[in-house]
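Quick notes on the structure that follows.
Bear in mind the structure is a predicted one, so any value in this text is a computation, not a measurement.
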Amino acid sequence: MPRTWLSFTPNSIPVVSVHIAGCTYKAMVDSGASFSQISPDLTLLLGLPRKGRQPIISVHGDIQNKSVVYLPVIGLAEHELPPCKATVTNLSALRLGIDLILGVNAFKNRRLHIDFKEGRVYVFPER
């Protein structure tokens with residue numbers, strides 16, 4: 001089965017390059033996140049309107065109501081991820097230099113394989 005891969009630093013957090021509207025941004029692939037997240041700065045830069053609120057439960061158990069936007073098509077290697085919901089979240093506290101967190105909702109109908117040893121995220125074609 002053909003698959004495409006994106007590289008990241010081996011044995012680290014999977015931070016990859018993605019393309020939105022012809023520009024390149026850094027995104028973390030997080031298969032443990034139900035929803036994708038986007039920084040407030042990128043939300044403004046892309047002109048994404050707020051579309052309500054979404055309760056998010058943190059790893060500490062607290063609930064926060066976050067603003068929701070719809071991400072545009074995201075170029076991921078040779079694939080395009082369709083628009084999906086994302087919460088607007090300050091990502092600077094993570095100190096990863098990322099603009100997005102791609103949660104499981106971004107990979108609808110696709111399979112991922114994260115190879116930490118080799119530093120690759122494999123993206124399988126849409127089914």
Side-chain angles (χ1 to χ4, degrees):
M1 174 183 294
R3 58 186 174 180
T4 303
W5 58 270
L6 299 152
S7 64
F8 63 94
T9 303
N11 298 311
S12 69
I13 296 170
V15 173
V16 298
S17 294
V18 298
H19 301 281
I20 302 173
C23 295
T24 302
Y25 301 99
K26 293 289 183 187
M28 179 175 77
V29 176
D30 187 351
S31 62
S34 298
F35 286 91
S36 296
Q37 299 174 47
I38 184 171
S39 71
D41 290 343
L42 186 54
T43 301
L44 291 172
L45 184 67
L46 297 173
L48 303 177
R50 311 273 170 130
K51 300 284 186 176
R53 300 188 73 72
Q54 174 72 43
I56 300 294
I57 301 172
S58 78
V59 294
H60 304 292
D62 60 315
I63 300 173
Q64 298 178 352
N65 284 308
K66 302 272 188 169
S67 294
V68 172
V69 298
Y70 282 87
L71 297 176
V73 171
I74 297 175
L76 189 70
E78 299 159 6
H79 301 283
E80 286 189 340
L81 301 178
C84 69
K85 277 187 187 181
T87 59
V88 180
T89 305
N90 181 356
L91 303 174
S92 63
L94 298 175
R95 297 183 183 163
L96 296 173
I98 60 173
D99 304 293
L100 297 159
I101 294 177
L102 298 175
V104 294
N105 69 320
F107 297 100
K108 186 176 180 180
N109 298 325
R110 296 184 189 273
R111 290 187 305 139
L112 295 177
H113 174 133
I114 302 174
D115 184 335
F116 289 96
K117 182 179 176 188
E118 295 296 321
R120 293 183 177 179
V121 175
Y122 294 95
V123 182
F124 292 82
E126 189 172 6
R127 300 196 279 172

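- Applying the side-chain contact (heavy atoms from CB on, under 4.5 Å) criterion to Pro55, with sequence neighbours excluded, gives Ile63, Asn65.
- Panel note: side chain Ser39, backbone Leu42; a donor-acceptor pair is recorded below 3.5 Å.
- Hydrophobic clustering of Ile, Leu, Val, Met, Phe, Trp and Tyr side chains at less than 4.5 Å, counting indirect connections, unites Ile38 with Val18.
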Kindly list each side-chain donor-acceptor pair under 3.5 angstrom involving residues 22-29, sequence neighbours excluded, with atom names and distances?
from: Thr24; atom 1: OG1; to: His19; atom 2: ND1; distance (Å): 3.1
from: Lys26; atom 1: NZ; to: Ser17; atom 2: OG; distance (Å): 3.1

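- Atom CD1 of Ile13 is surrounded by 12 or fewer heavy atoms from other residues, nucleotides or ligands within 6.0 Å.
- Under the side chain to side chain donor-acceptor pair (under 3.5 Å) criterion, Asn105 pairs with Ser36, not counting sequence neighbours.
- Every residue two or more places apart in sequence or in another chain was checked for a side chain to side chain donor-acceptor pair (under 3.5 Å) with Ser7, and none qualifies.
- Clustering ILVMFWY residues whenever any of their side-chain heavy atoms sit less than 4.5 angstrom apart, transitively, puts Leu76 in a cluster other than the one holding Leu96.
- Because its NZ or CZ atom is both nearer than 6.0 Å to the ring centre of Phe124 and within 45° of the ring axis, Arg111 counts as a cation-pi partner of that residue.
- Thr87 is linked by a side chain to side chain donor-acceptor pair (under 3.5 Å) to Thr89, counting only residues two or more places apart in sequence or in another chain.
- Under the rule for a side chain to side chain donor-acceptor pair (under 3.5 Å), the partners of Lys66 that lie at least two apart in sequence or sit in another chain are Gln64.
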Yes or no on side chain to side chain donor-acceptor pair (under 3.5 Å) for Arg120 and His113, after CA distance, side-chain angles and deciding distance? CA-CA 8 Å; Arg120 293 183 177 179; His113 174 133; over 6 Å; no
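- Following chains of ILVMFWY side-chain contacts shorter than 4.5 Å, one can reach Leu100 starting from Val123, so the two form part of one hydrophobic cluster.
- Linking Ile, Leu, Val, Met, Phe, Trp and Tyr residues whenever their side-chain heavy atoms come within less than 4.5 Å leaves Ile98 and Phe8 in two separate clusters.
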